[in-house]
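Before any comments, here is the structure.
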Amino acid sequence: MSHGIQQDVTAVKAKRTIRNLRWWVLVLFLLGVTVNYITRNSLGILAPELKTSLGITTEQYSWIVGAFQLAYTLFQPVCGWLIDVIGLKLGFLICAGVWAMVCMLHAGAGSWLQLAILRFFMGGAEAAATPANAKTIGEWFPKKERPIAAGWAGVGFSIGAMLAPPIIYFAHASFGWQGAFMFTGVLAMLWVILWWLFYHNPEQHPNLSKEELEFIKQDNEPPAIKLPFLTALKNVSKNKRFYGIAIPAFMAEPAWAVLSFWVPLYLASERGMDLKQIAMFAWLPFLAADLGSVASGYLTKIYTRWFGCTRTNSIVASSVTGAFLMISLALVAITKDPYVTIALISVGGFGHQIISCMLSALVVDSFDKGQMATVNGMRGSAAWIASFLFSLLIGVTADKIGYNPLFIAMGFFDLIGAVFLVSFIAERRSRRA
């Protein structure tokens, strides 16, 4: 009798499925990236006070930012390969746990050098976010849904940056700058627990229906092949399409670095805003970036339906559209109104996230599942090399020549990247996908 009851209970549990589970998994990942960016951007929001409290110069601050960017650059392919080899759940869990702990350790920093060391370790762990993004989309969505999924996944990268100013401001008001770092680190650790409890691969997820699993697997992609690290890098580097993605990423990232690390300092030093005003307005470019992330995937549908583009060409066209929107950053140099400045930077945030999401979509569209995290990590490294160099350039030039020449340069970088994107990726035939 008891055996029969146990069978009935097991059967009920087996049938407890969640409709459209793939989108709930994406929400879980999006939440993690949101927390990632809150911890990451805490430094930029607190920069004016840190410079005063710890006696940090602008050039020293650029080295703190550069330490994070250097680690992020170096470790993205490593984190991507790790995720490809040991799996998304465990790989991302390890990295998220490390960045949560290091964020909390920021509270004990007493000099710019200590902050730089901590930011290096934090950057190495947070480098997992970009390759994990591609891996999540590749594992949970069929090809026809990946551009839209990439757009929604990109929301996490900007909504965290959008939420960071008010969250950090109130945490700082309540606990001081040390408490603000502790608070965001605890948020990250709470998400690590959620990821451990609720994420499973599609084949192993207890709440995924057979029908949805078949829908996810409809493209009949070959099983992922796990390669040694250097072999994986060598294989990717031989593919011309990789450079059509990596070069535009290189040209795009300086603008995002400025939004993430330098805009609060720029608003304080060039526009005379205090921390409260920065908290009120610095989130707007990231709200625009959120909208750009969401719009990017649907923009590909417009190019497909209205202009007959192939799936690949619709992604390329969407990215080029974002590149033209980036010209708004060049206009920052000719305006004196701080509110117009925020509006122009916001247009740039919108355009950047279109580009970024579409480059991620091209990775999952162009490479097999066994390479996706590695390729997106390599793409991220190319991007963050530019981010690292541009931050150092700002550090040694901003106090001497101001920010205007840098904004003008950022306004046109992405148009250069678009040339390589069209040359290396765009399909020359007019057939539909």
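Positions are given from 1, in the same order as the sequence printed here.
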ask   = When you look at W262 and Y61, which way does the ring-ring contact (aromatic ring centres under 6.0 Å, His included) test go after all the steps?
value = CA-CA 10 Å; W262 291 97; Y61 177 73; 5.3 Å; yes
task = Would you check, one step at a time, whether the test side chain to side chain contact (heavy atoms under 4.5 Å, CB included) holds for L208 with V25?
result = CA-CA 11 Å; L208 183 66; V25 169; over 6 Å; no
key: CA sep, side-chain torsions, deciding dist, call: H205, I18, side chain to side chain contact (heavy atoms under 4.5 Å, CB included)   = CA-CA 10 Å; H205 207 296; I18 298 175; 5.7 Å; no
message = For V340 and L331: C-alpha separation, side-chain torsions, deciding distance, then whether side chain to side chain contact (heavy atoms under 4.5 Å, CB included) applies.
response = CA-CA 10 Å; V340 175; L331 301 179; over 6 Å; no
key: side chain to side chain contact (heavy atoms under 4.5 Å, CB included) between N239 and N235, intermediate numbers included   = CA-CA 7 Å; N239 192 325; N235 287 350; over 6 Å; no
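In terms of modelled atom types and a separation under 3.5 Å, the side chain of Q60 and the main chain of T57 share a donor-acceptor contact. Between the side chain of Q114 and the backbone N or O of G110 there is at least one donor-acceptor pair closer than 3.5 Å. Between the side chain of S328 and the main chain of L325, a donor-acceptor pair closer than 3.5 Å is present. The backbone N or O of I315 lies less than 3.5 Å from no partner atom in the side chain of S319, so there is not a single donor-acceptor pair. Checking side-chain atoms of E139 against main-chain N and O of N201 turns up no donor-acceptor pair under 3.5 Å. Side chain of D414 to backbone of M326: no donor-acceptor contact under 3.5 angstrom is found. For R119 (side chain) and R40 (main-chain N/O), a donor-acceptor pair under 3.5 Å exists by modelled atom type. Checking side-chain atoms of Q69 against main-chain N and O of S391 turns up no donor-acceptor pair under 3.5 Å. The backbone N or O of L50 lies less than 3.5 Å from no partner atom in the side chain of S53, so there is not a single donor-acceptor pair. Panel note: side chain D84, backbone T374; a donor-acceptor pair is recorded below 3.5 Å.
Between V263 and L267 there is a side-chain heavy-atom pair separated by less than 4.5 Å. Contact check for M104 versus V186: side-chain heavy atoms found under the 4.5 Å cut-off. In this structure the side chain of L74 reaches within 4.5 angstrom of the side chain of L70, judged on heavy atoms. Within the 4.5 Å cutoff, side-chain heavy atoms of L88 are placed close to those of T136. In this structure the side chain of F307 never reaches within 4.5 angstrom of the side chain of N313, judged on heavy atoms. Residues F121 and V98 are not in side-chain contact: their nearest non-hydrogen atoms beyond the backbone lie 4.5 Å or more apart. At least one side-chain heavy atom of H106 sits under 4.5 Å from a side-chain heavy atom of V102. Looking at I345 and V258, their side chains never come closer than 4.5 Å, going by heavy atoms from C-beta outward.
Residue F324 qualifies as open at atom CZ: its count of foreign heavy atoms under 6.0 Å is 12 or below. Crowding of W177 atom CH2: a count of heavy atoms from other residues, nucleotides or ligands under 6.0 Å exceeding 12. Atom CE of M189 has more than 12 heavy atoms from other residues, nucleotides or ligands within 6.0 Å. Atom CZ of F183 has 12 or fewer heavy atoms from other residues, nucleotides or ligands within 6.0 Å. More than 12 non-hydrogen atoms from other residues, nucleotides or ligands lie less than 6.0 angstrom from CZ of F424. In the displayed structure, Y199 atom OH is contacted under 6.0 Å by more than 12 heavy atoms of other residues, nucleotides or ligands. For K234, the NZ atom counts as loosely surrounded, since its 6.0 Å shell holds 12 or fewer non-hydrogen atoms of other residues, nucleotides or ligands.
Rounding to the nearest 0.5 Å places CH2 of W112 at 8.5 Å from CD of E59. Taking CD1 from I167 and OG1 from T39, the interatomic distance works out to 11.0 Å, rounded to the nearest 0.5 Å. With rounding to the nearest 0.5 Å, the separation of CD1 in I401 from CD1 in I394 is 10.0 Å. Residue M182 holds its CE atom at 12.5 Å from OG of S42, rounded to the nearest 0.5 Å. One finds the CD atom of Q178 at 8.5 Å from the NE2 atom of H172 (value rounded to the nearest 0.5 Å). Taken from CD1 in I216 to CG in L21, the straight-line distance is 7.5 Å, to the nearest 0.5 Å.
Of all the heavy atoms in A418 and A323, the pair that sits closest is CB-CB, 4.2 Å. Taking each heavy atom of F181 and L43 in turn, the nearest pair found is CE2-N, 4.3 Å. Minimum interatomic distance between L233 and P77 (heavy atoms only, all atoms of both residues): CD2-CB, 4.1 Å. Heavy-atom minimum distance, G402 versus L406: O-CD1, 4.2 Å. Among all heavy-atom pairs drawn from N41 and A164, the shortest one is CB-CB, 3.9 Å. When all heavy atoms of S296 and G151 are compared, the pair lying nearest together is OG-CA, 3.5 Å.
In this model, no donor atom of one side chain and acceptor atom of the other lie less than 3.5 Å apart for T341 and E270. In the model, S360 has no side-chain atom that pairs as donor or acceptor with a side-chain atom of R146 under 3.5 Å. Checked by atom type, the side-chain pair Q353/S293 shows a donor-acceptor distance below 3.5 Å.
Between F92 and F29, the ring planes are tilted. Angles from 30° to 60° get that label. Aromatic ring pairs are classed by plane angle as parallel below 30°, tilted from 30° to 60° and perpendicular above 60°; the pair Y403 and Y266 is perpendicular.
The side-chain contact (heavy atoms from CB on, under 4.5 Å) test applied to A317 returns Y303, not counting sequence neighbours.
Judged by a 6.0 Å distance limit and a 45° cone about the ring axis, K89 is positioned over the six-membered ring of W196.
Applying the ring-ring contact (aromatic ring centres under 6.0 Å, His included) test between W23 and each of W152, W140, F141 identifies F141 as the sole match.
Taking the six-membered ring wherever Trp is involved, the centroid distance between the rings of F390 and W256 does not fall below 6.0 Å.
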